[in-house]
Amino acid sequence: MMFDDVQNQLETQILALCREEGIPLGQVNWNWIPFSGHWGLSLSFFQAAAEEAKQKGLKLNVGKRAQEIAQLMSEHVKLSDAFDQIEAVRGYLNIRFSNAVFSRRVIDTVLEEKDDFGRASRNHIRTMVEFSQPNTHKAFHVGHLRNVILGNAICNILDFGGDDVIRANYLGDIGLHVIKWLWCYRKYHAGEQPTGDITRWMGDIYAEATRRHEEEPDAEAEIRALFARWDNRDPEIVREWEVTRQWSLDGFEQIYKTLNVKFDHLYFESDVEDSGKVIVDELIARGMATDERPEGAVVVKLDELCGTRDKYRVLVVLRSDGTSLYSTKDLALGIRKFEEFKLNRSIYVIDVRQSLYLQQIFKTLDLLGYPWTDQLYHLAYEIVNLPGNVTMSSRDGTVVFLQDLIDEAITRARAVVEEKNPSLTDEEKSSIASMVAMGALKYAMLSRDNTKIVTFDWEAALDFNGQAAPYIQYAAVRANSILRKNDMVVPDSLPLTYELSEVEIELIDLISRVPKEVQRAAKEMKPLFIANLAFDLAQTFNNFYRQCPVLQAEPDVRDYRLRLAAAARQAISNCLALLGIETPEVM
RNA sequence: GCCCUCAUAGCUCAAUGGAUAGAGCACCGGUCUUCUAAACCGUAGGUUGCAGGUUCGAGUCCUGCUGGGGGCGCCA
């Protein structure tokens with residue numbers, strides 16, 4: 001990447017020296033020097049020293065020997081003018097970059113590549129990411145938010161990391177919940193049409209349906225009868241189902257628009273039901289599934305088939321009455337994705353509670369003989385709970401509606417803009433409030449590890465202070481503000497003619513890490529890495545802003561710092577963009 | 001019963017097997033006549049749940065234990 005050339009040059013030298021001296025250095029793992037203001041490459045020799053002792057059968061002090069090797073290297077490695085200093089420190093070899101050479105290189109690269117800074121060349125891996133997966137005819141609540149935010153960020157990061165990403169959504173458009181909704185609608189809301197917040201309207205009817213289902217003695221029978229009509233493709237019911245389903249889709253579109261999330265492809269459960277049943281037949285025919293109907297269901301006894309115990313358990317693939325299950329459809333969908341899009345890999349963004357289930361699906365597809373099953377990946381994340389570890393459930397009415405949260409976030413952000421920047425136009429204030437509010441909500445979800453439960457708390461979710469998106473956005477705005485005072489003119493590339501301060505070096509160092517962090521985040525599928533880097537960049541920029549005058553400085557210092565400010569703004573903005581967060585011009 | 005997962009400052013969380021375990025919040029005190037104070041600085045806060053093990057080196061990997069959460073044949 002940014003330092004590949006000089007890195008390789010050093011590597012060749014070091015490996016050659018080790019060979020000469022008989023030092024068993026397997027591979028060179030460069031790290032950055034973990035001291036602020038020290039910018040360069042670092043390498044440890046503990047492993048080599050330990051390996052050497054083992055080979056020679058000696059018991060010697062590894063730390064001491066590592067330092068000796070590092071010392072030896074520091075004396076013999078020839079540095080190009082790309083480096084300033086080489087020193088052996090406690091078993092590490094630290095090679096400091098020449099600030100003149102590399103700060104210019106980093107800043108030039110960022111300002112040249114702009115929005116593509118950090119973006120890798122294409123690796124020709126075609127990856128589908130399935131996320132969101134909402135049920136039609138139901139509400140969209142805060143519990144669903146993490147999935148959308150995470151899935152979207154993963155898509156951005158994988159794309160930046162080199163993959164060809166296909167963003168897929170899988171909509172639960174059939175099943176008992178839909179029929180229950182239709183039953184309530186036909187009986188109590190016939191002819192009504194949604195207005196305003198469509199998803200909320202749909203969700204309200206669903207909640208009512210659940211309530212009436214429990215209260216009304218005849219409900220169960222009526223719903224079952226309606227299910228039968230739908231199953232027999234009664235034109236009237238099918239038409240109503242199609243119309244109401246479209247309402248839900250329109251409602252989801254509103255939500256995705258506010259979240260600024262787009263999909264390349266939509267799958268529907270109703271589309272894979274039939275093909276799912278065909279697969280079940282195949283499973284039975286090949287002796288992989290046991291048909292226990294009519295007393296029991298159709299099941300795949302995975303542990304028996306795999307010779308494992310209590311690992312895969314049993315997967316039910318068809319109900320005893322012959323109707324399909326989630327698994328029926330997921331088997332078909334898994335295959336269909338690879339066939340339609342010639343995928344290299346397929347990622348499922350689904351909460352951690354479905355881990356076993358997805359392992360069962362993947363294993364069943366594996367047993368069916370598909371060659372790509374080792375490229376199925378479940379990206380598991382923990383759920384969003386309410387205080388007291390209460391899981392949100394629309395059935396129990398313990399939900400925070402997404403739109404309510406968004407509205408409140410925007411209201412509060414709007415109040416802050418009003419206070420901080422009253423001279424802006426109404427339109428500007430709204431736009432900033434929206435960017436800040438959405439940013440804060442998204443950052444809160446992405447700045448903790450996927451494996452950590454998020455406890456939703458109104459105050460915490462709406463806290464714009466500290467390690468939060470508005471802080472990061474504000475740093476970019478400050479950089480932008482300096483540039484604006486220079487009529488947005490970024491000077492041409494120029495040589496470094498002054499001594500960089502520690503904070504400037506640290507800032508440039510952090511900027512230079514973006515491409516590698518993107519790679520790491522893509523590999524581990526952890527937006528958290530980008531969230532952390534964005535915060536570090538913002539924090540360091542704020543230090544720079546306080547310590548280093550830009551516009552008031554001597555002409556060449558001024559021009560250099562103007563370019564640095566522009567590069568910092570770009571780096572921050574790119575990181576935020578990967579998280580799906582926008583960077584305002586002013587705030 | 002089996003499996004997964006989490007446990008780090010008062011709280012919420014970070015930390016490629018590597019150098020001195022860091023942020024934010026909260027608390028207390030300070031900084032706008034200078035590019036936006038949605039900012040910055042300072043004080044304080046730690047036996048990384050417990051016990052072993054692997055390793056030159058463990059918050060990180062392995063085993064066991066304790067405690068929380070989740071999952072385990074016809075919900076999605």
Side-chain angles (χ1 to χ4, degrees), chain A residues 29 31-35 42 44 46-47 49-51 53-54 60-66 89-92 94 133 135 172 175-177 269 292 296-301 309-321 323 325-327 329-330 350-357 359-360 380 382-383 385 389 391 413 416-417 419-421 436 447-449 451-455 457 460 463-468 470-471 473-475 477-486 516 520 524 528-529 531-532 535-536 539 542-543 545-553 561-562 565 586-587:
Chain A
N29 289 322
N31 200 350
W32 25 64
I33 305 173
F35 308 118
S42 152
S44 84
F46 299 103
Q47 210 165 1
E51 185 61 28
K54 203 179 292 173
L60 46 79
N61 186 324
V62 169
K64 194 171 160 231
R65 178 59 183 149
V89 185
R90 304 175 64 181
Y92 294 85
N94 291 343
Q133 307 113 327
N135 282 326
L176 198 61
H177 73 276
E269 271 190 46
E292 298 174 344
V298 180
V299 297
V300 180
K301 295 179 176 169
R309 267 187 64 191
D310 285 339
K311 182 173 183 193
Y312 293 109
R313 307 271 171 173
V314 170
L315 178 65
V316 182
V317 291
L318 205 65
R319 283 199 190 89
S320 46
D321 65 2
T323 56
L325 287 157
Y326 202 55
S327 57
K329 293 164 273 196
D330 251 332
I350 301 178
D351 80 63
V352 68
R353 293 172 300 184
Q354 295 191 42
S355 291
L356 173 62
Y357 166 74
Q359 291 318 304
Q360 292 176 325
E382 265 293 356
I383 57 175
N385 275 346
N389 230 346
T391 301
V416 181
V417 190
E419 178 201 331
K420 305 283 180 189
N421 232 327
V436 168
S447 59
R448 45 190 29 58
D449 212 333
T451 55
K452 292 270 170 65
I453 295 172
V454 171
T455 300
D457 170 66
D463 190 356
F464 297 159
N465 297 312
Q467 185 163 0
Y471 174 90
Q473 290 169 319
Y474 182 64
V477 162
R478 283 178 132 188
N480 202 48
S481 166
I482 295 174
L483 297 170
R484 200 171 40 248
K485 285 251 159 55
N486 201 49
K516 259 195 174 163
R520 205 162 70 92
E524 310 267 326
L528 167 66
F529 295 157
N532 283 344
F535 179 72
D536 290 343
Q539 205 173 36
N542 275 328
N543 278 319
Y545 183 91
R546 187 178 58 86
Q547 291 175 31
C548 304
V550 177
L551 299 172
Q552 311 292 331
R561 286 183 174 163
L562 270 167
V586 292
M587 61 188 275

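Numbers restart at 1 for each chain; the letters A, B, ... are given by sequence-line order, proteins then strands. Remember, it's a predicted structure, so these values are computed and weren't measured experimentally.
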Pairs under 3.5 angstrom, nitrogen or oxygen only, protein versus nucleotides 59-69 of chain B, please.
none

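Within 4.0 Å of Leu315(A), counting heavy atoms only, lies no atom of the nucleic acid at all. Among the heavy atoms of the strands lying under 4.0 Å from Val550(A) is at least one base atom, whether or not backbone atoms are also near. Within 4.0 Å of Gly91(A), counting heavy atoms only, lies no atom of the nucleic acid at all. At a threshold of 4.0 angstrom between heavy atoms, the contacts of Val417(A) include nucleobase atoms, whether or not backbone atoms are also involved. Residue contacts shown for Ser320(A) include a base, since a base heavy atom lies under 4.0 Å away. Residue contacts for Asn486(A): at a heavy-atom cut-off of 4.0 Å it reaches no nucleic acid atom on any strand shown. Heavy atoms of Val316(A) sit under 4.0 angstrom from primed sugar atoms or phosphate atoms, though from no base atom. Heavy atoms of Leu356(A) sit under 4.0 angstrom from primed sugar atoms or phosphate atoms, though from no base atom. Counting non-hydrogen atoms under 4.0 angstrom, Phe529(A) reaches the backbone sugars and phosphates but no base. In this structure, Val586(A) reaches the bases: a heavy-atom distance under 4.0 Å links it to at least one base atom across the strands shown. Here Asp457(A) lies out of heavy-atom contact (under 4.0 Å) with every strand. Among the heavy atoms of the strands lying under 4.0 Å from Glu292(A) is at least one base atom, whether or not backbone atoms are also near. Within 4.0 Å of Asp536(A), counting heavy atoms only, lies no atom of the nucleic acid at all.
Between Gln547(A) and Tyr357(A), the residue anchored closer to the 5' end of RNA chain B is Gln547(A), taking for each the nucleotide with the nearest heavy atom. For Phe46(A) and Ala475(A), each mapped to the nucleotide of RNA chain B holding its nearest heavy atom, the one lying further toward the 5' end belongs to Phe46(A).
Regarding contacts with the backbone of A39(B), every side-chain N or O of Gln539(A) stays at 4.0 angstrom or more from both OP1 and OP2. Contact between the side-chain N/O atoms of Tyr474(A) and the OP1/OP2 oxygens of A38(B) is found at a separation under 4.0 Å. Taking 4.0 angstrom as the limit, Asn542(A) places a side-chain polar atom (N or O) nearer than this to OP1 or OP2 of C40(B). Between Arg478(A) and the phosphate of A37(B), there is a side-chain N or O to OP1/OP2 separation shorter than 4.0 Å. Residue Lys452(A) places at least one side-chain N or O closer than 4.0 Å to OP1 or OP2 of A14(B). Residue Arg319(A) places at least one side-chain N or O under 4.0 Å from the OP1 or OP2 atom of C75(B). OP1 or OP2 of U16(B) has at least one side-chain nitrogen or oxygen of Arg520(A) nearer than 4.0 Å. The shortest distance between the side-chain N/O atoms of Arg90(A) and the OP1/OP2 oxygens of U20(B) is below 4.0 Å. The side chain of Tyr471(A) places no N or O atom within less than 4.0 Å of a non-bridging phosphate oxygen (OP1 or OP2) of A23(B).
Following rounding to the nearest Å, Tyr326(A) (OH) and G71(B) (P) show an atom-to-atom distance of 16 Å. If you measure from atom OH of Tyr312(A) to atom P of C4(B), you get 12 Å, rounded to the nearest angstrom. Rounded to an integer number of Å, the gap from Asn532(A) CG to G24(B) P is 13 Å. One interatomic measurement links the two molecules: CZ of Phe535(A) to P of C13(B), which rounds to 16 Å at whole-angstrom precision. One interatomic measurement links the two molecules: CG of Asp463(A) to P of C13(B), which rounds to 14 Å at whole-angstrom precision.
If you take atom P in U63(B) and the same atom in C2(B), they sit 15 Å apart, rounded to whole Å. Nucleotides G59(B) and A9(B) place their C1' atoms 14 Å apart, quoted to the nearest Å. Spacing between U5(B) and C41(B) at atom C1', rounded to whole Å, works out to 40 Å. Taking atom P on both A38(B) and C32(B), the two are 15 Å apart, rounded to the nearest angstrom.
Nearest to the side-chain atoms of Thr451(A) among the listed nucleotides C74(B), C35(B), U5(B) stands U5(B). Between U16(B), A23(B), C2(B), one nucleotide has an atom nearer to the side chain of Gln467(A) than all others, and that is A23(B). Between U16(B), G73(B), C2(B), one nucleotide has an atom nearer to the side chain of Asn31(A) than all others, and that is U16(B). Taking every side-chain heavy atom of Asp310(A) into account, C2(B) is the closest of C35(B), A19(B), C2(B). For Lys420(A), taking side-chain heavy atoms from C-beta onward, the closest of the listed nucleotides A38(B), A76(B), C72(B) is A38(B).
In this structure, NZ on Lys311(A) lies 11.0 Å from CG on Leu356(A), to the nearest 0.5 angstrom. Here the CG atom belonging to Asn532(A) is positioned 6.0 Å from the CD atom belonging to Gln467(A), to the nearest 0.5 angstrom. Note that OH of Tyr545(A) is 6.0 Å distant from OH of Tyr474(A), once rounded to the nearest 0.5 Å.
Between the base of A19(B) and the side chain of Ser42(A) there is a donor-acceptor pair shorter than 3.5 Å. For Arg313(A) against C2(B), a side-chain-to-base donor-acceptor contact under 3.5 Å is present.
Glycosidic torsion of C32(B) falls within 90° of 0, placing the base in syn.
In terms of the salt bridge (charged side-chain N to carboxylate O under 4.0 Å, His left out) criterion, residue partners of Arg353(A) (sequence neighbours excluded) are, by chain and number, Asp351(A). With sequence neighbours excluded, no residue forms a salt bridge (charged side-chain N to carboxylate O under 4.0 Å, His left out) with Asp321(A). By the side-chain contact (heavy atoms from CB on, under 4.5 Å) test, Leu551(A) is found to be paired with Ile482(A), Lys485(A), Asn486(A), Arg558(A), Leu562(A), residues two or more places apart in sequence or in another chain being considered. Under the salt bridge (charged side-chain N to carboxylate O under 4.0 Å, His left out) criterion, Lys301(A) pairs with Glu292(A), not counting sequence neighbours.
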Applying side-chain contact (heavy atoms from CB on, under 4.5 Å), run through Met587(A) and Asn421(A) and close with a yes or a no. CA-CA 7 Å; Met587(A) 61 188 275; Asn421(A) 232 327; 5.8 Å; no

side-chain hydrogen bond (donor to acceptor under 3.5 Å, both in side chains) for Asp330(A) and Tyr357(A)? Distances and angles first, verdict last. CA-CA 10 Å; Asp330(A) 251 332; Tyr357(A) 166 74; 3.0 Å; yes

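No donor-acceptor pair under 3.5 Å is formed between the side chain of Ser42(A) and the backbone N or O of Asn31(A). Listed for the Gln360(A) side chain is a donor-acceptor partner under 3.5 Å among the backbone atoms of Tyr312(A).
For the pair Leu325(A)/Val316(A), a side-chain contact is recorded, criterion being any heavy-atom separation below 4.5 Å from C-beta on. You'll find the side chain of Arg65(A) stays beyond 4.5 Å of the side chain of Asn61(A), heavy atoms only.
Counting only N and O atoms by type, the side chains of Asn542(A) and Tyr471(A) include a donor and acceptor under 3.5 Å apart.
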Strand RNA chain B in bracket notation, Watson-Crick/G-U under 3.5 Å with | for pairs to another chain: (((((((..((((....[...))))..((((.......))))......(((((..]....))))))))))))....

